[in-house]
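Everything below concerns the one structure shown next.
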Amino acid sequence: MKIKISVEGLDALQELQELLNSEQLELIGETVEQLARNNARNKIGGPFGERLARSVEFRPGGDAVEIFADGPDGYIGVHVEEGGPIRSHNGKPLAIPLPNESTQRYNPKRLFARELKGVVPLFKLRSRNGNELLFRQPGKGGELEAPLFVLKDATAPQAPRPWWPTGNEISAAVDQIIDAF
């Protein structure tokens, strides 16, 4: 995601350039960057909101202000903002955790298949519905436990959770900075 402040019309652009110097533009960039980080922490919250906040980056560029959601969590930051199905971007199927059969809750330790690989023996079986499921390998003579993950190409569509600053939030921040000078 990128925020660019654009101005239409030559007169308006000249007025803005007279009004703002590079120091003020940098202050606007830093303010909007902080606004995006706070939104990620407050609107998304938890450890993921914190990771998202760290992905926001302001890059000063002379007469431009650009703020990005970048880095390893930038891609998912765009997805959280816009919603839609989550798709694998490396061609491998996604391992989606299944609820524990006895409690109907997801594992609180947030198991990830990639972390279990090589530590816990896993194997795949296809269900009657055609879904590929990942199971823990039972011990010799042991019974098959409930599946841990289902392998899918994409998740069900996720609802958008807007966290990126809105135009009104940005305008209010810019107006405060301009008024202060």
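Computed over heavy atoms, backbone and side chain alike; hydrogens, waters and symmetry mates excluded.
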Identify, with sequence neighbours excluded, every residue that meets side chain to side chain donor-acceptor pair (under 3.5 Å) alongside Asn131.
Lys152
Residue set satisfying side chain to side chain donor-acceptor pair (under 3.5 Å) with Arg161, at least two apart, ordered chain then number -> none
Contact summary for Ala173 and Thr31, nearest pair of heavy atoms
CB-CG2, 3.9 Å
Applied to residues 122-134, the salt bridge (charged side-chain N to carboxylate O under 4.0 Å, His left out) test, sequence neighbours excluded, yields Arg126-Glu132
Please find the pair of heavy atoms, one from Phe48 and one from Val80, that lie closest to each other, and give the distance.
CE2-CG2, 3.6 Å
Is the backbone of Ile86 close enough, under 3.5 Å, to the side chain of Thr155 for a donor and an acceptor to pair up by distance?
yes
Are Leu52 and Trp164 linked, directly or through intermediate hydrophobic residues, by side-chain heavy-atom contacts shorter than 4.5 Å (ILVMFWY only)?
yes
Quick one: ring-ring contact (aromatic ring centres under 6.0 Å, His included) pairs with a partner in residues 24-45, sequence neighbours left out?
none
Can you find a pair of side-chain heavy atoms, one from Pro162 and one from Glu81, that are under 4.5 Å apart?
yes
Are Leu151 and Leu133 close enough, and set up right, to give a side-chain contact (heavy atoms from CB on, under 4.5 Å), and what steps lead you there?
CA-CA 6 Å; Leu151 301 176; Leu133 303 170; over 6 Å; no
Check salt bridge (charged side-chain N to carboxylate O under 4.0 Å, His left out) between Glu145 and all other residues, then give those that pass, not counting sequence neighbours.
Arg136
Side chain to side chain donor-acceptor pair (under 3.5 Å) involving Asn38 - partner list, sequence neighbours excluded
Gln34
Kindly give the heavy-atom pair with the smallest separation between Pro85 and His79, and that separation in Å.
O-NE2, 3.4 Å
Contacts of Leu144 meeting side-chain contact (heavy atoms from CB on, under 4.5 Å) (sequence neighbours excluded), chain-then-number -> Phe123, Leu125, Phe135, Pro138
For Ala53, enumerate each residue passing the side-chain contact (heavy atoms from CB on, under 4.5 Å) test, keeping only those at least two apart in sequence or located in another chain.
Arg37, Ala40, Arg41
For residues 165-172, which side-chain N or O atoms pair as donor and acceptor with protein atoms under 3.5 Å away, sequence neighbours left out?
unit_1 : atom_1 : unit_2 : atom_2 : d
Thr166 : OG1    : Glu169 : N      : 3.2
Glu169 : OE1    : Asn39  : ND2    : 3.4
Glu169 : OE1    : Thr166 : N      : 2.8
Ser171 : OG     : Gly167 : O      : 3.0

Membership question, hydrophobic clusters at under 4.5 Å side-chain separation (ILVMFWY): are Ile44 and Val56 in the same one?
yes
Does Asp153 CG have over 12 foreign heavy atoms under 6.0 Å away?
no
Give the cluster check for Leu98 versus Leu94: same hydrophobic cluster or not, with ILVMFWY residues linked at side-chain heavy-atom distances below 4.5 Å.
yes
Distance-only donor-acceptor check, side chains Ser88 and Asn90, under 3.5 Å:
yes
For Gln137, which residues count as a side chain to side chain donor-acceptor pair (under 3.5 Å) partner, sequence neighbours excluded?
none
